[in-house]
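Values below: every heavy atom of this structure, side chains too, minus hydrogens, waters and symmetry copies. Lettering of chains follows the sequences in order, A, B, ..., and the numbering in each one begins at 1.
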Amino acid sequence: MQRTSWKSKATSSLFVLPYLLLFTVFLIAPIVYGVWISMHDWDLLNPVKEFVGLKNYLNIFDSESYLHNLFFEGLKNTFLFVIFSVPLLVAVGLGLALLLNALPKKMTGLFRTAYFIPYSVSVSIVAIIWLWIFDTNSGLINQYLQKLGFSAIPWLTDIPWAWVSIIIATLWWTIGFNMVIFTNALNEVSEELYEAGSLDGANRWQTFIHITLPTIKPTMLFVTLTSTIASFNIYGQPYLMTRGGPGTSTQVLLMNIVEEGFNQRQLGNAAAMSILMAVIMIIISLVQFRLTREKKEAVK
Amino acid sequence: MRNTGFKIFIVTLAIVIAIFFIAPLFWMLATSFKTDQEAFTSGIKWIPEIFTLENYTYSLSGGSDTPVFTWMSNSLFVGIMGTLLVLIVDTLAAYGLARLDVPFKKLLFAMFIGSLTIPWVITFLPLYMGFNQFGLLDTYAVLILPYSANAFGVFLLYQSFKAFPKELEEAAHLDGANKWQVFIKVVLPSVRPVIWTLAIFTFMSIYNDFLWPLLTTSSPEMRTITTGIAIMQQGSFVSSPGRLMALTAIATIPVILIFIMGQRSFIKGVTQTGIK
């Protein structure tokens, strides 16, 4: 068995090599190249790419520069979406999982499928369906509202309605994912704890607060983290449903990066913006991770 | 018992919520069978008054600007090839790292897992530029290759290879099988469910991807169905909800079919992305 010769190592390496190659070419190299681009005045139409060091980054932080507005307004709008969508994605996801859990066993599968099906379609389909439902004149919701004697709501053309519409469509589309993760976590809460709880005369609410919640805490963290990251990457919903409007109020950061890079052809600026956005995302994940770790230690 | 009342409440609630999830898809289907006139003016009709297939025949006839079959076959081709590529390189790498004497094993594994925390936004622009420089924009290469760098599959498979009993491999080795034969004949068949999970997951995420194919394809023949639809929505279908919904329904059918067929694996995959 002691055949760990160079020959054996070589054949073993062949297993990892194809992935390592793709990993290097399509992940590592682009990151390095992105940093390189971000340090140039990189205009797609201008063959001369001048090295400018950190100038693109400094421009983003210079309130005189148009980049400043482009970045921070986009960031503000993205944050707005994250702040409202993430708590809903977590709470409603957990709510649905609890509901599935409380259902008679035979029905669980059916309802889980019903709630999860929208997750299987793409964002362009989500947008088209909901655009038509939210349409001011012939949309489903406004027709019902008018039937009931209310006036029509400008779902897509007014603030805050545009955000409300985007968030409803997003919940409909993605909540199934969080629900399934929570369902799994709930199944792992031990029966004995519940039995002990009911012996102590705990009601449903007390059981939930004192037994269920503490047990699924790691899952809460995971779902909050993945939902935050996913919400940060929002692009398709506002791009297709509101075109960033009304005005620029649903113009999210990713849209501004694409605009600066692909329509204005200022690749250096766009690369600097995307690296900054990635850094912010990494910091937020680290903070969320830290916070729950500290809480855990404080409990101990 | 007061429990019966609670149960009725729970089931009713579940049904009301299910309607919220299913109704939009049903409304899409209903609209796709309506004439545009009816769609715009006739109020709420869950069943079309005049039932027409015109929207479907128009979309499928591949009129000048809607090569639906091309888009659909592009999406299927890209999805299948991307998935195969991911499966091949990921199973190999995960097995190598989990079981074989690969040099710098720990470092490589840490690097791959670490990459899962890197936001995708950091790579899409330089990736686009790279493909541009090699003249590969608007080709299948740009639509397939980038998905292969994702370490999720390596991570998923690594776990199950670690859990695989070593004795079985050793027995095969004693019978004279080499590493490759052990991998193909003994190890792979045992992790088939995980491979299915990864396959469905990967296929659906490639088939449904939006921004990347939108940015990297420009000719109507290279579009995928999701980007094709988005372009029709702003283009010549803008005033025809019937046609748009028919197109949407056509695009939805394959994924929903795959989803329902592979539901168990898919849900397991979602679960496994969670932490234990």
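Neither the backbone nor the side chain of A:Leu110 comes within contact range of chain B; no heavy atom of the residue lies under 4.5 Å from a heavy atom of that chain. Neither the backbone nor the side chain of A:Ser285 comes within contact range of chain B, judged by heavy atoms closer than 4.5 Å. Heavy-atom distances place the backbone of B:Asn150, and not its side chain, under 4.5 Å from chain A. Contacts of B:Tyr147 with chain A are absent, with no heavy-atom separation under 4.5 Å from either backbone or side chain. Heavy-atom distances place both the backbone and the side chain of A:Tyr144 under 4.5 Å from chain B. Contact of B:Trp180 with chain A is made through backbone and side chain together, with heavy-atom distances under 4.5 Å. For chain A, the nearby part of B:Pro241 is the side chain; its heavy atoms alone come within less than 4.5 Å. Only the backbone of B:Thr117 comes within contact range of chain A, with heavy atoms under 4.5 Å apart. In this structure, the portions of B:Met111 lying under 4.5 Å from any heavy atom of chain A include both its backbone and its side chain. Contact annotation for B:Leu214: only side-chain heavy atoms (C-beta onward) come within less than 4.5 Å of a heavy atom of chain A. Residue A:Leu96 touches chain B through its side chain alone, counting heavy-atom pairs closer than 4.5 Å. Heavy-atom distances place no part of A:Leu276 under 4.5 Å from chain B, backbone and side chain included. Within the 4.5 angstrom heavy-atom criterion, atoms from both the backbone and the side chain of A:Phe116 approach chain B. Contact of A:Ile175 with chain B is made through the side chain alone, with heavy-atom distances under 4.5 Å. In this structure, chain B has no heavy atom under 4.5 Å from any part of A:Ile229.
Residues B:Gly96 and A:Phe15 come closest through the heavy atom pair CA-CB, 4.1 Å. Across all their heavy atoms, A:Ser12 and B:Leu100 have their closest contact at OG-CB, 3.5 Å. Minimum interatomic distance between A:Leu27 and B:Ala149 (heavy atoms only, all atoms of both residues): CB-CB, 4.0 Å. In this structure, B:Ala18 and A:Ala114 approach most closely via the heavy-atom pair CB-CB, 4.3 Å.
Ranked by heavy-atom pairs under 4.5 Å with chain A, the first of B:Ile267, B:Leu25, B:Val154, B:Leu127 is B:Ile267. Highest contact tally toward chain A, considering only B:Leu244, B:Val255, B:Leu215, is held by B:Leu215 [criterion: heavy-atom pairs under 4.5 Å]. Residue with the most contacts toward chain A among B:Ile10, B:Ile122, B:Thr123: B:Ile10 (heavy-atom pairs, distance under 4.5 Å). In terms of non-hydrogen atom pairs under 4.5 Å with chain A, the most contact-rich of B:Ser148, B:Gly130, B:Ala23, B:Ala249 is B:Ser148. Each of A:Leu140, A:Leu100, A:Ile117 has some count of heavy-atom pairs under 4.5 Å with chain B, and the biggest count is that of A:Leu140. Top candidate by heavy-atom pairs under 4.5 Å with chain A, chosen from B:Met204, B:Met28, B:Met129, is B:Met129. For the set B:Tyr207, B:Phe112, B:Phe20, the count of heavy-atom pairs under 4.5 angstrom toward chain A peaks at B:Phe112. Annotation: maximal heavy-atom pairing with chain B below 4.5 Å, among A:Tyr19, A:Phe23, A:Phe111, A:Phe26, occurs at A:Tyr19. With respect to chain B, the highest number of heavy-atom pairs below 4.5 Å among A:Trp173, A:Tyr235, A:Phe262 belongs to A:Phe262.
Rounded to the nearest 0.5 angstrom, B:Ile44 CD1 and A:Gln146 CD are separated by 9.5 Å. Note: B:Ile229 CD1 to A:Ile125 CD1 = 4.5 Å, rounded to the nearest 0.5 Å. Note that the OG atom of A:Ser13 and the CG atom of B:Asp101 stand 7.5 Å from one another [nearest 0.5 Å]. Rounding to the nearest 0.5 Å places CG of B:Leu13 at 5.0 Å from CG of A:Leu99. Rounded to the nearest 0.5 angstrom, A:Ile128 CD1 and B:Phe237 CZ are separated by 10.0 Å. Between the OG1 atom of A:Thr113 and the CZ atom of B:Phe21 there is a distance of 12.5 Å, given to the nearest 0.5 Å.
Checked against the 6.0 Å centroid criterion, the rings of B:Phe259 and A:Tyr119 do not qualify as a close aromatic pair.
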Please walk me through it: do B:Leu125 and A:Tyr33 pass side-chain contact (heavy atoms from CB on, under 4.5 Å)?
-> CA-CA 9 Å; B:Leu125 228 147; A:Tyr33 189 32; over 6 Å; no

Passes side-chain contact (heavy atoms from CB on, under 4.5 Å), A:Leu254 versus B:Leu211? Steps please.
-> CA-CA 10 Å; A:Leu254 202 48; B:Leu211 184 54; 4.2 Å; yes

Could you go step by step and tell me if A:Ile257 and B:Phe124 meet the side-chain contact (heavy atoms from CB on, under 4.5 Å) rule?
-> CA-CA 11 Å; A:Ile257 292 176; B:Phe124 86 98; 4.2 Å; yes

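Taking 4.5 Å as the limit, some side-chain heavy atom of B:Val11 sits within range of a side-chain heavy atom of A:Pro104. Here the side chains of B:Pro24 and A:Trp172 are in contact, with some heavy-atom distance below 4.5 Å.
For the pair A:Arg204 and B:Phe6, the cation-pi criterion (under 6.0 Å, within 45° of the ring axis) is fulfilled.
Within the 3.5 Å criterion, the main-chain N or O of A:Ser120 finds a donor-acceptor partner in the side chain of B:Asn208.
Around the CH2 atom of B:Trp46, the shell of radius 6.0 Å holds more than 12 heavy atoms that belong to other residues, nucleotides or ligands. Atom CH2 of A:Trp36 has 12 or fewer heavy atoms from other residues, nucleotides or ligands within 6.0 Å. Other residues, nucleotides and ligands place more than 12 heavy atoms under 6.0 Å from the CZ atom of A:Arg243.
The closest side-chain donor-acceptor pair between B:Gln233 and A:Ser124, if any, does not fall under 3.5 angstrom.
Within residues 85-95 of chain B, the residues approaching chain A closer than 4.5 Å by heavy atoms are, in numerical order, B:Leu85, B:Val89, B:Asp90, B:Leu92, B:Ala93, B:Tyr95.
Evaluation of the ring pair (Phe, Tyr, Trp, His ring centres under 6.0 Å) rule for A:Phe134 yields A:Trp130, A:Trp155 as partners, not counting sequence neighbours.
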